[in-house]
Amino acid sequence: MLAEPEHGRGKAQVVDRPGQLAHILWAASRGDLGRRNVAVVWMLFGSGMRVNEVAHLKVSDVFYRDGALKEVFIIRGPTTKTDQHRPGFILARQHREALIAWRGQRVTEGAFTSEDGSYGGLDGDSYLFLGRRGKTWRRLAFNDKKYKTGSGEVVTTKVCGSLENLVRELLKGSGLIHGSSHSGRRTLATWLDRKDYDLELIQLILGHRNPDMTLEYIEPDLPRIKAAFQSIWSGVKVPNYK
């Protein structure tokens, strides 16, 4: 089991170190749909996407017509929580290999393939991530969900509960007891912060309009913060109270 790091109450648990993420990926790779599951995990952790955004991805969103995998792609506004387009990134070698491997399985098993070989052999208009019942491939199911915006407006959106549940079970099964699909975004933000990347860059990657929202995603590294404060205030003398 993975060690359980401290995490904020009600917040998705952050993966604390690379070895933990490697274990999650290993656990996700088990089974007939292991390639799909690993690719899903990478979209959450590597691109910092919300699970519903991942569920809405189409093949043409991440692959060019000639089959090349994009490094930067557009997360379409209607599929996002903010209804705004934003860039997504597929830059890590392991992330890219995972998507290529998943495409390879789909092509081999004839899961919504293209007639002309475009997009590396897949139908560009098909959803990137599919479900399977028996030997039949199908798109993931979406249900209506209502939530309140910050202004109090009630909005209805299409959510993919099956993918949300899958990710939660994958994380739990690998030992991340309080993990959820949001663990990917929070982990990415936290690790970038610990590498001293500035808040503006993290905000861009996560697609937040408000920097304060980005701060909510960063799991505090208390030893580092403590060391920083001790350093900057080391020359300040405590008053001699009487």
S.K.: Is there a side-chain contact between N37 and R30 (heavy atoms, below 4.5 Å)?
M.R.: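 Side chain of N37 against side chain of R30, heavy atoms only: no contact under 4.5 Å found.
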S.K.: Please check: side-chain N/O of W191 versus main-chain N/O of V15, any donor-acceptor pairing under 3.5 Å?
M.R.: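 A pair under 3.5 Å: yes.
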S.K.: Please check this pair: side chain of S180 against backbone of H182, looking for a donor-acceptor N/O pair closer than 3.5 Å.
M.R.: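 Here the side-chain-to-backbone pair exists.
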S.K.: Do any N or O atoms from the side chain of T113 and from the backbone of G110 form a donor-acceptor pair under 3.5 angstrom?
M.R.: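 No, because the side chain of T113 does not come within donor-acceptor range (under 3.5 Å) of the backbone of G110.
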S.K.: With sequence neighbours left out, what residues match R93 under salt bridge (charged side-chain N to carboxylate O under 4.0 Å, His left out)?
M.R.: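 Scan of R93 (salt bridge (charged side-chain N to carboxylate O under 4.0 Å, His left out), adjacent residues dropped) gives E97.
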S.K.: Working to the nearest 0.5 angstrom, can you tell me the gap between K195 NZ and D193 CG?
M.R.: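 It is 12.0 Å, given to the nearest 0.5 Å.
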S.K.: Are the side chain of Q203 and the backbone N or O of L199 linked by a donor-acceptor pair below 3.5 Å?
M.R.: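 No, because the side chain of Q203 does not come within donor-acceptor range (under 3.5 Å) of the backbone of L199.
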S.K.: Output side-chain donor-acceptor pairs under 3.5 Å for residues 60-75, partner residues at least two apart or in another chain, one line each.
M.R.:
| unit_1 | atom_1 | unit_2 | atom_2 | d |
| --- | --- | --- | --- | --- |
| S60 | OG | G124 | O | 3.1 |
| D61 | OD1 | R76 | NE | 3.2 |
| D61 | OD2 | K58 | N | 2.8 |
| D61 | OD2 | R76 | NE | 3.2 |
| D61 | OD2 | R76 | NH2 | 2.9 |
| R65 | NH2 | D116 | OD2 | 3.0 |
| D66 | OD1 | A68 | N | 2.9 |
| K70 | NZ | S60 | O | 3.1 |
| K70 | NZ | D61 | O | 3.3 |

S.K.: Tell me, with the steps shown, if R86 and E53 meet salt bridge (charged side-chain N to carboxylate O under 4.0 Å, His left out).
M.R.: CA-CA 11 Å; R86 77 170 191 275; E53 296 166 346; 2.7 Å; yes
S.K.: When hydrophobic residues are tied together by side-chain contacts of less than 4.5 Å, even through go-betweens, does L170 share a cluster with W26?
M.R.: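 Different clusters: L170 never reaches W26 through Ile, Leu, Val, Met, Phe, Trp or Tyr contacts under 4.5 Å.
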S.K.: Does the gap between the ring centers of H95 and F45 come in under 6.0 Å?
M.R.: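 Between F45 and H95, which both carry aromatic rings, the centre distance is not below 6.0 Å.
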S.K.: OG of S181 to CZ of R168: how many Å apart, nearest 0.5 Å?
M.R.: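 Result: 6.5 Å between the selected atoms.
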S.K.: Going by the side chain to side chain contact (heavy atoms under 4.5 Å, CB included) test, name the single residue among I90, V54, L57 that passes it with S47.
M.R.: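 The passing option is I90.
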S.K.: Any side-chain to backbone donor/acceptor pair from S183 onto G179? Under 3.5 Å, distance only.
M.R.: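 It does not hold such a pair.
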S.K.: Do R132 and W137 meet the cation-pi criteria used here (NZ or CZ under 6.0 Å from the six-membered ring centre, within 45° of the axis)?
M.R.: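 Because its charged atom sits under 6.0 Å from the ring centre and within 45° of the axis, R132 does stack over W137.
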S.K.: With the threshold set at 4.0 Å, does a side-chain nitrogen-carboxylate oxygen contact exist between D123 and R106?
M.R.: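 Result for this pair is no, no salt bridge flagged.
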S.K.: Taking all non-hydrogen atoms of both residues, which atom of C160 and which atom of A141 are closest, and how far apart?
M.R.: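 It is SG-O, 3.5 Å.
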S.K.: Which class fits the ring pair F142 and Y127: parallel under 30°, tilted 30 to 60°, perpendicular over 60°?
M.R.: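 The rings of F142 and Y127 sit tilted, inter-plane angle from 30° to 60°.
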S.K.: How far apart are the closest heavy atoms of A111 and L130, and which atoms are they?
M.R.: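 Shortest heavy-atom contact: CB-CD1, 4.0 Å.
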S.K.: Any sub-3.5 Å donor-acceptor pair from W102's side-chain atoms to L128's backbone N or O?
M.R.: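 Yes; judged by distance alone, with no hydrogens or angles, the pair exists.
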S.K.: Indicate if V159 and L140 have the same hydrophobic cluster label, given that clusters are the connected sets of ILVMFWY residues with side-chain heavy-atom separations under 4.5 angstrom.
M.R.: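 Per the 4.5 Å side-chain linkage, V159 and L140 are not co-clustered.
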S.K.: Search all heavy atoms of L91 against all heavy atoms of R96 and return the closest pair with its distance.
M.R.: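 Closest approach of L91 to R96: O-CD, 4.1 Å.
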S.K.: With heavy-atom distances below 4.5 Å as the criterion, would you say the side chains of F129 and R139 are in contact?
M.R.: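 Heavy-atom side-chain distance check fails, nothing below 4.5 Å.
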S.K.: Run the numbers on V167 and L171 for side-chain contact (heavy atoms from CB on, under 4.5 Å), then give the verdict.
M.R.: CA-CA 6 Å; V167 171; L171 296 179; 4.1 Å; yes
S.K.: Before giving the answer on side-chain contact (heavy atoms from CB on, under 4.5 Å), spell out for F112 and L122 the whole-Å C-alpha distance, their side-chain angles and the decisive distance to 0.1 Å.
M.R.: CA-CA 6 Å; F112 293 88; L122 297 184; over 6 Å; no
S.K.: Could you check V41 against L25 for side-chain contact (heavy atoms from CB on, under 4.5 Å), going step by step and ending with a plain yes or no?
M.R.: CA-CA 7 Å; V41 171; L25 291 167; 3.6 Å; yes
S.K.: Mark yes or no for whether Q105, through its side chain, and D32, through its backbone, hold a donor-acceptor pair below 3.5 Å.
M.R.: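 Side chain of Q105 to backbone of D32, a donor-acceptor pair under 3.5 Å: yes, one is there.
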S.K.: Can you tell me how far the CZ atom of R36 sits from the CG atom of L99, to the nearest 0.5 Å?
M.R.: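 Rounded to the nearest 0.5 Å, the CZ-CG separation comes out at 13.5 Å.
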S.K.: Looking only at heavy atoms, which two atoms of G46 and L188 are closest? And how far apart?
M.R.: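 What the structure gives for the nearest pair is O-CD2, 4.4 Å.
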S.K.: Return the OG1 to CZ distance between T187 and R194, rounded to the nearest 0.5 Å.
M.R.: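 That separation rounds to 9.0 Å.
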S.K.: In Å, rounded to the nearest 0.5 Å, how long is the span from CD1 of I205 to CZ of R185?
M.R.: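 If we round to the nearest 0.5 Å, I205:CD1 and R185:CZ are 11.0 Å apart.
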S.K.: When you look at R103 and I100, which way does the side-chain contact (heavy atoms from CB on, under 4.5 Å) test go after all the steps?
M.R.: CA-CA 5 Å; R103 181 177 66 179; I100 297 295; 3.5 Å; yes
S.K.: Counting N and O atoms only, with roles assigned by atom type, does the side chain of H23 sit under 3.5 Å from a partner on the main chain of G19, one being a donor and the other an acceptor?
M.R.: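 No, the answer is negative, given that no donor and acceptor are paired below the 3.5 Å cut-off.
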